[in-house]
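Just so it is clear, the structure is predicted and the values come from calculations on it, not from any experiment. First the proteins, then the strands, lettered A, B, ... as listed; each starts at 1.
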Amino acid sequence: MSAAAEAAVKKNYLTGLKEAMYEEMERNPDLICLGEDIGLLGGAFGVTDGLMDKYGKERVIDMPIAEAAIIGAGVGMALNGKTVMCEMQFIDFISCGFDQIVNMAATFHYRSAGEVSIPMVIRGPAGGYGGGALYHSQMNEAWFCNSPGLKVVCPSNPIDAKGLLTAALRDPNPVVFYEIKELYRNRKMEQELETGDDCIIPLGVARIAEVGSDITIVTYGNPVHFSLKAAEKLKAQGYSAEVIDLRSLVPLDEDTILESLSKTNRLLVVNEAPMTCGFAGEVMARMGRKGFELLDAPPARVTRTDTPVPWAKPLESTVLPSVDDIVNSALELIRY
Amino acid sequence: MSAAAEAAVKKNYLTGLKEAMYEEMERNPDLICLGEDIGLLGGAFGVTDGLMDKYGKERVIDMPIAEAAIIGAGVGMALNGKTVMCEMQFIDFISCGFDQIVNMAATFHYRSAGEVSIPMVIRGPAGGYGGGALYHSQMNEAWFCNSPGLKVVCPSNPIDAKGLLTAALRDPNPVVFYEIKELYRNRKMEQELETGDDCIIPLGVARIAEVGSDITIVTYGNPVHFSLKAAEKLKAQGYSAEVIDLRSLVPLDEDTILESLSKTNRLLVVNEAPMTCGFAGEVMARMGRKGFELLDAPPARVTRTDTPVPWAKPLESTVLPSVDDIVNSALELIRY
Amino acid sequence: MAKTADPDKAAQKTAPSQTSTGLPREALSPEDYHELLMQLYLARYFDVRLIKEKKRGRLRGTLYSSHNQEAILVGALYALKSTDWISPIHRDMPAFFLKDIKAGWDNPDRLGMSIEEVCSQVWGRVDSPGRARDNWSHIGSRANKIIHSTSMLAGTIPVAAGVVYADRLDGGDAVVVTFNGEGSTSQGVFHEAVNFAAVHKLPVITIVENNHWAFGTPVELECPTPDVADRAKGYGIPGFIADGQDVLDVYDKVSMAIDHARSGKGPSIVECKTFRAYGHGDHDDDRAAKYRPDDEVAKGRSRDPIGVMKNQMIESGMLAKKDAMAHPAEGKGAGEVTDHDFPEKVVKYLSAGVDFALKSPVPDAEEALKWVFAEDED
Amino acid sequence: MAKTADPDKAAQKTAPSQTSTGLPREALSPEDYHELLMQLYLARYFDVRLIKEKKRGRLRGTLYSSHNQEAILVGALYALKSTDWISPIHRDMPAFFLKDIKAGWDNPDRLGMSIEEVCSQVWGRVDSPGRARDNWSHIGSRANKIIHSTSMLAGTIPVAAGVVYADRLDGGDAVVVTFNGEGSTSQGVFHEAVNFAAVHKLPVITIVENNHWAFGTPVELECPTPDVADRAKGYGIPGFIADGQDVLDVYDKVSMAIDHARSGKGPSIVECKTFRAYGHGDHDDDRAAKYRPDDEVAKGRSRDPIGVMKNQMIESGMLAKKDAMAHPAEGKGAGEVTDHDFPEKVVKYLSAGVDFALKSPVPDAEEALKWVFAEDED
Ligand SMILES: Cc1ncc(C[n+]2csc(CCOP(=O)(O)OP(=O)(O)O)c2C)c(N)n1
Ligand SMILES: Cc1ncc(C[n+]2csc(CCOP(=O)(O)OP(=O)(O)O)c2C)c(N)n1
Ligand SMILES: [Mg+2]
Ligand SMILES: [Mg+2]
């Protein structure tokens, strides 16, 4: 197979992440990985598969089941010159290392008046729809959006997965990185991936996933795909929806949303976190303020209900956003 | 002093909390208190002063410095029939017991399909303006508003402090209770307090702190007082501001806000949490949706900047909302 | 029992003995021995049956096998009173129906979950004690004194401590047994909870099922001491060590721990040395074959708890060799074993549970919005 | 040093001795002894000076006094190389300027903070190493190898472990000394961090300043073992016990711990027994008088570390009794002592720091918005 032919191979979301890890480990000898079962096993989902064999167990550390130590030790390594990747086996378990993130890592640069930066990515599989129940389905990004000093990122496809993870691993700040585990091995959305500098997707730049003119659907993660499906359904009814994939929540690309609103005059925000104080509301608040004159209908959101994520399929489906939920909300706004 | 004369005595915020604790300990023999230094010392600020002497060290437990154990053990006691009060010495330290709150306590009733309720109040001193710096100034209520299964409460005055804490201690759900430590001993706002059932302020009912017609200022906690001062200043300029003290965030009294907006057509939300994904944005989002037709100007918020709370006075003043910030935002909205 | 006063002594592995040893097992009757063996069969059959059901396509989701670790569950639970509390985790599914089962497998009044309830949970049906709201081992029952765990490892230990604190305050004498993998003992909340329990001499027994692996991480990377039970030394509490393949040894050590706890002397740790028969979950079987030494499973399987118990019963004359061979489940993997390797009683009992579960409906979609808050009940 | 191999032996209190003991202190010269005494004075003077400044109204905020606990700071820091790291907490303010001060009080190249920087932090001025962004002991300096703590007790221990992990990877031989109160050892993160350090044999020395109180809670309600050093047993690491009033004993035990760490044998705990001279903070002085036994302070103060050191120097002929009495700060509370009780060098040194701080401006209001993210620097 020639190099050109190889470049044309399409790869899944997980491979995107894995390539980012491998390339950055190679490029940056100071990059250290910490996590549960990331070495010998290669990670619960395989994002770090083979990494320990290649780069040694000093740089790829199989940590005890101790999320606070994983993050705290990572901060210490970062303080002493390293770049750090901390894997949470599921992003749900980030609650066990919470204090070290919001009070230790997030604030270090601020309280040291700029002396110390903490280049650190805390990443892990997130999101529902897989029957993971209360503790293997969470999208808890709002906690970190409300904790100053953290960047928050969530890719929806292989290109972004690789590009955003590479950018995050080169960012001098702590980044909480949400991977959509239901997309890890999704074959339908495989993509060709670039390498090194060429693959980078900068943090803070949204992507217009679908161009449209009747309504702006702002979303990220798995709901990007539901929104695109909803856009199709809307098209069948004669309506044109613009779908914006935020890609990073902090920093937020407000301009892209505002520009879209100046065209559509309607805002629907979709995410799978609990509603109250979730990021969907934050987008509504910002656009309600900055885009007030642009809005011809009340901004709306489709989110997880304010409940935990239950297990049994009918229960899970009730609480998580569906394509139909998005279509219905969009129609309501369009017809407003 | 006659009983009537005694009843007329005005008391501070801290006394309100203390009375709620004493009355509920007396009324409910199953009420157990857990916290650091709450027994022998009587609490860092004295909310539980004398309680151990009166009710014994089995019911008022001086816990190790272990927030996860404080909350987890409290959950266990609640599971086995007790009502539990957990004191965080400062609400900032709640981050160290975070998982036990959001994943253990908050979800218990839900995941047990209603078999187990967790009557539990997690309370502690909160808020800035006292030079407490990064770790003694936080208002981190948004984390818990985004974690389904928790009620979230924040009183702004002695009557509410006593009434809401009594209601919270009788609530069958876990309640995170934010006390404004800067108000604890504020002598200017002392109030007469009722006793027992008469003192109860139900959760989910907002209070109109000031009646007005030109703008609605929605707030809670310490900023209620800044908002009232701002309302005075606005009055001097010929404008009439309505100030709504939410008192509880979850559940939220949307009706009172909507009713006010139907009169003022302008919404300003004020709180001292970081802006992004804070509760101010949540109120904007809900009102931007439900009150869309009522709004004549873009809803706005005055919040802490998205920074930690720094120590030195000029720095702290920069990041926290001030009376002038509120006045300026209100004027902008009114003149919109 | 004198032994409890000297945990270090008690912690030694004890061989089954003819002469009086003062060990708790001496109070057991031959009927108890037979019941223990039957429970080992039941726990094993539950596990292999689920694996078979999944292979047959009648079951979805990840299975965390307790195959080969059953002696820990059976031995520990046999030492409890019905009023005692437990908190099982992912690898302890049989514990939910084994609790108090010695009061009669079909006794409707026994505390512990029925096989129908547990199977309904496995299949995500509405008759699960949690109405299929959370998965796998995350069920509980206040009425049956089983604590509802979250996924967060060791996170239930402080809750367990609170449960018995409240019980003691109310004049009860309950102990609580929490089950944990060795990997879970690295969690901060393990320390906070055991420390709190030790300070207040709470009757909290922390069982550590040391199967030498936490998912793909060997115990040496989780725990710096030769024995995980050594963690007890940091709290000045007994750290018992049991042969996790030997139900009688587990029974002895847990009984000592209970005796210690019930007499007001406080918590303890009981490390049960065992090994993991398959991958971490069944999704991990293939990978486990790569990261684990080749001979580990064979070596471990050679001391199958069912076989170990049979041998002891044969030695002490409670079981005829011929009868022991009637149901040769021991030493076999789930793929090799058939229903004939198990006593009929066991197969029937469990089959009833499976049949029930398969007929139990999934919960209604609207239930998802219920019970967020307690007043939602009304 | 043979002693390190046997921490239990080494953990015994050791009396100053004439004959060879093999103790680390034997390598100290009389100049070192005098320097140690001078540093004790300096730490003490820092504390009483701040109390006086507050009484005079020149200082706001809560003071967490290290009065009487200075030997722990001085003894531990004297055992370090300049390339070693430390993380002091609330009761350890003098540690910031005592780090590496043996390299010369006025040596501009020494690692550690200058007295001007530390005083600027106390007064919340812009010349604080953190530009007065966080308060009291929450400063640090990467350049000076001092870790910036948060308020969350024990929360810096995993960070310390990470720091030396990285150092080891880079071929360094640095150890890290974290300072903690005995109450902090109940935190979950203490366990997670020490466990991790023990698994990887990281050179992390956890000093426990056991002053028997965590704010208003006595040690018995925090720790179930007779000695807090017993926590080390749970990790299979040495748990040294030092007389926290005796700077030489602290120096010995910490030196052993460092030797153990630097030779690749891993972490250890050094418990220094001491007592708290005042309330938890100065806001607590009145209440402390109520919750503490009457005679506790008097009893503790009778073994003032300055006095203890003087006696040892007199005994070993390094100090004339008359000279020892020239600056009688020992045994006196902040209210009783005056500048004359301290060597002039100490008063001058610190006064320069105070004068500097009082002239340093408060930071500009706009700085508050800076440095949230690293790119904000540009
Ligand atoms: C706090 C937390 N972190 C991570 C996990 C993911 N996880 C589930 S099981 C497991 C391994 C558990 O190992 P061990 O405690 O030894 O139990 P075993 O599975 O061997 O029985 C891990 C890391 C979790 N459930 N909770
Ligand atoms: C996680 C956390 N919980 C609570 C506190 C509040 N707090 C500050 S100091 C203190 C007591 C500390 O006692 P100890 O560790 O013995 O240190 P000492 O003050 O006696 O030196 C407490 C409870 C805190 N800083 N961090
Ligand atoms: Mg294990
Ligand atoms: Mg102390």
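Interface remark: of the candidates B:Leu134, B:Thr307, B:Asp62, B:Leu134 forms the most heavy-atom pairs closer than 4.5 Å to chain D. Contact count against chain B (heavy-atom pairs under 4.5 Å) is highest for D:Thr150 among D:Thr62, D:Thr150, D:Leu153. Of the listed residues B:Lys313, B:Glu67, B:Glu36, the one with more heavy-atom pairs under 4.5 angstrom with chain D than any other is B:Glu67. Most heavy-atom pairs under 4.5 Å with chain D, from the set B:Pro314, B:Cys96, B:Gly39, B:Ser95: that is B:Pro314.
Between B:Trp311 and D:His138, the closest side-chain pair of non-hydrogen atoms is not below 4.5 Å. A 4.5 Å side-chain heavy-atom check between B:Tyr135 and D:Asp134 finds at least one atom pair inside the cut-off. Looking at heavy atoms from C-beta onward, B:Leu315 lies in side-chain contact with D:Glu367 at the 4.5 angstrom threshold.
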Handout entry: D:Asp284 vs B:Leu41, side chain to side chain contact (heavy atoms under 4.5 Å, CB included): CA-CA, chis, key distance, verdict
Key = CA-CA 9 Å; D:Asp284 182 50; B:Leu41 175 70; 3.5 Å; yes
Exercise for the section: Please test D:Phe190 against B:Ile65 for side chain to side chain contact (heavy atoms under 4.5 Å, CB included), starting from the C-alpha separation and ending with a verdict. Expected result: CA-CA 11 Å; D:Phe190 165 88; B:Ile65 306 173; over 6 Å; no
Practice task
In sequence, state the C-alpha distance, the side-chain angles, and the governing distance for D:Ser151 and B:Phe90, and then conclude on side chain to side chain contact (heavy atoms under 4.5 Å, CB included).
Solution key: CA-CA 10 Å; D:Ser151 256; B:Phe90 285 81; over 6 Å; no
Exercise for the section: Evaluate side chain to side chain contact (heavy atoms under 4.5 Å, CB included) for D:Thr217 paired with B:Leu40, printing each intermediate quantity in order. Expected result: CA-CA 7 Å; D:Thr217 302; B:Leu40 200 53; over 6 Å; no
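Although no hydrogens or angles enter the test, the distance criterion places no donor-acceptor pair under 3.5 Å between the side chain of B:Asp37 and the main chain of D:Phe215.
Residue B:Pro64 forms a side chain to side chain contact (heavy atoms under 4.5 Å, CB included) with just one option from D:Ser184, D:Pro224, D:Cys223, D:Ser186, and that option is D:Ser186.
Under a cut-off of 6.0 angstrom, the local environment of CZ in D:Arg58 is crowded, with over 12 non-hydrogen atoms contributed by other residues, nucleotides or ligands. Heavy atoms of other residues, nucleotides or ligands lying less than 6.0 angstrom from CG of D:Asp294 number 12 at most.
Both the backbone and the side chain of B:Asp92 come within less than 4.5 Å of a heavy atom in chain D. In this structure, no portion of D:Arg125 lies under 4.5 Å from any heavy atom of chain B. Residue contact with chain B, scored on non-hydrogen atoms closer than 4.5 Å, involves the backbone and the side chain of D:Leu221 alike. Heavy atoms of B:Ala44 lying under 4.5 Å from chain D belong to its backbone as well as its side chain. Only the side chain of B:Thr305 comes within contact range of chain D, judged by heavy atoms closer than 4.5 Å. Looking at D:Arg287, only its side chain comes within 4.5 Å of chain B, counting heavy atoms on both sides. Contact of D:Glu182 with chain B is not made at all, since no heavy-atom distance falls under 4.5 Å.
B:Gly132 approaches D:Asn135 most closely through the heavy-atom pair O-ND2, 3.6 Å.
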